[in-house]
Amino acid sequence: MAAGCAKLGAFGQESNGRDIMHIIRMLIVGLIVGGIAAFLYPHNQHLGFIGLTAVGIGGSFVGGFITHLISPPAPGSSQALHPAGFLMSIIGALVLIFGLRLLHLL
């Protein structure tokens with residue numbers, strides 16, 4: 001690349017090699033969290049690879065929302081959602097599986 005030319009990402013922002021690694025890490029952790037949640041849930045779950053990953057990633061968002069309800073950010077903070085830790089991600093995935101089963105989507 002010529003000097004001064006930046007590699008642009010999906011939305012025209014400057015991109016580095018860490019973006020793709022972040023996505024890969026998110027998918028791997030989502031798969032692990034979804035697998036643990038499906039194992040801990042009392043009913044047999046047949047979600048598959050993509051389903052487990054989606055439940056794990058969705059569980060992380062649900063866990064972050066639960067964390068936000070328990071411990072809201074300081075006033076004036078720009079942080080909209082708390083990042084969910086591994087344990088809260090599993091709890092969020094369990095809540096998500098419960099909700100999906102309640103709606104007969106699983």
Quick one: side-chain contact (heavy atoms from CB on, under 4.5 Å) partners of Tyr41, sequence neighbours excluded? His43, Gln45, Leu94, Ile97, Phe98, Arg101

Please check this pair: side chain of Ser71 against backbone of Thr67, looking for a donor-acceptor N/O pair closer than 3.5 Å. no

Min side-chain heavy-atom separation Ile91-Leu87 under 4.5 Å: yes

Contacts table for residues 24-39: side-chain donor-acceptor under 3.5 angstrom, sequence neighbours left out:
none

After noting the C-alpha distance and the side-chain angles of Ile66 and Val62, does the key distance pass the side-chain contact (heavy atoms from CB on, under 4.5 Å) rule? CA-CA 6 Å; Ile66 293 170; Val62 172; 4.0 Å; yes

List the atom pairs, with distances to 0.1 Å, where a side-chain N or O of residues 49-59 and a protein N or O form a donor-acceptor pair under 3.5 Å, not counting sequence neighbours.
from  : atom 1 : to    : atom 2 : distance (Å)
Thr53 : OG1    : Phe49 : O      : 2.8

Interatomic spacing from CD1 in Ile90 to OG in Ser60 - rounded to 0.5 Å: 10.5 Å

